[in-house]
Amino acid sequence: MRTTRLPSLLGSRYGPLLVIQSAANLLLAVWLYLEYTHNPFMQAYMSNAWASVWPEITIGISAATVAAIILALYGRRHSESLPTRLGSKSRLEDLEEPNNLSRLDMCPFCATPLRAISEGRLQCRKCRRYFKSSLPKMHV
């Protein structure tokens, strides 16, 4: 289920401020449109302004479109791997779960033997990662 933040935002203390700002923006947009339709000097100014900046606007819109297409294709290509990476447990969590009581002797990332630093703490000799051992202590 997808929820939006709009109801919680309007219910916050900034809700009235957002409503007032939105109303002011709408009022200014309507006023600008009416000024453009009834003022020939503004029409001439806007036509000159658009004539001078249209190449930059075209380049900007084209670049944004290309970037959006590239991001969409990249997201489609990696969409199946991202949820599996985020939704699945790491290999370390699988090893340290209480129902899987195998002793943690090898690093799950680089398969190097671990050394004991202190009671319940282990470190990989190669990649220098630290691990907590929640297994019962075995006295040899």
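Here the shortest heavy-atom pairing between Lys126 and Cys110 reads CB-SG, 4.0 Å. In plain terms, the two heavy atoms of Leu122 and Leu114 that are nearest each other are CD1-CD1, 4.0 Å.
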Cut-off 3.5 Å, no hydrogens considered: what does the side-chain donor-acceptor table look like for residues 19-27, sequence neighbours left out?
{"unit_1": "Ser22", "atom_1": "OG", "unit_2": "Leu18", "atom_2": "O", "d": "2.9"}
{"unit_1": "Asn25", "atom_1": "ND2", "unit_2": "Gln21", "atom_2": "O", "d": "3.4"}

Output side-chain donor-acceptor pairs under 3.5 Å for residues 38-46, partner residues at least two apart or in another chain, one line each.
{"unit_1": "His38", "atom_1": "ND1", "unit_2": "Leu34", "atom_2": "O", "d": "2.9"}
{"unit_1": "Asn39", "atom_1": "OD1", "unit_2": "Phe41", "atom_2": "N", "d": "3.0"}
{"unit_1": "Asn39", "atom_1": "ND2", "unit_2": "Glu35", "atom_2": "OE2", "d": "3.0"}
{"unit_1": "Gln43", "atom_1": "NE2", "unit_2": "Tyr36", "atom_2": "O", "d": "2.9"}
{"unit_1": "Gln43", "atom_1": "NE2", "unit_2": "Thr37", "atom_2": "O", "d": "3.3"}

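Residues meeting the side chain to side chain donor-acceptor pair (under 3.5 Å) test with Arg115, sequence neighbours left out: Gln123. Residues satisfying the side chain to side chain contact (heavy atoms under 4.5 Å, CB included) test with Ile61, not counting sequence neighbours, are Ile57, Thr65.
Counting only residues at least two apart or on different chains, no side chain to side chain donor-acceptor pair (under 3.5 Å) pair has a member in residues 46-60.
Listed by chain and number, the hydrophobic cluster partners of Ile69 are Leu73, where partners are ILVMFWY side chains within reach of under 4.5 Å, directly or through others.
Checked options Phe131, Tyr130, Phe109; the residue passing with Cys124 is Phe131 (criterion: side-chain contact (heavy atoms from CB on, under 4.5 Å)).
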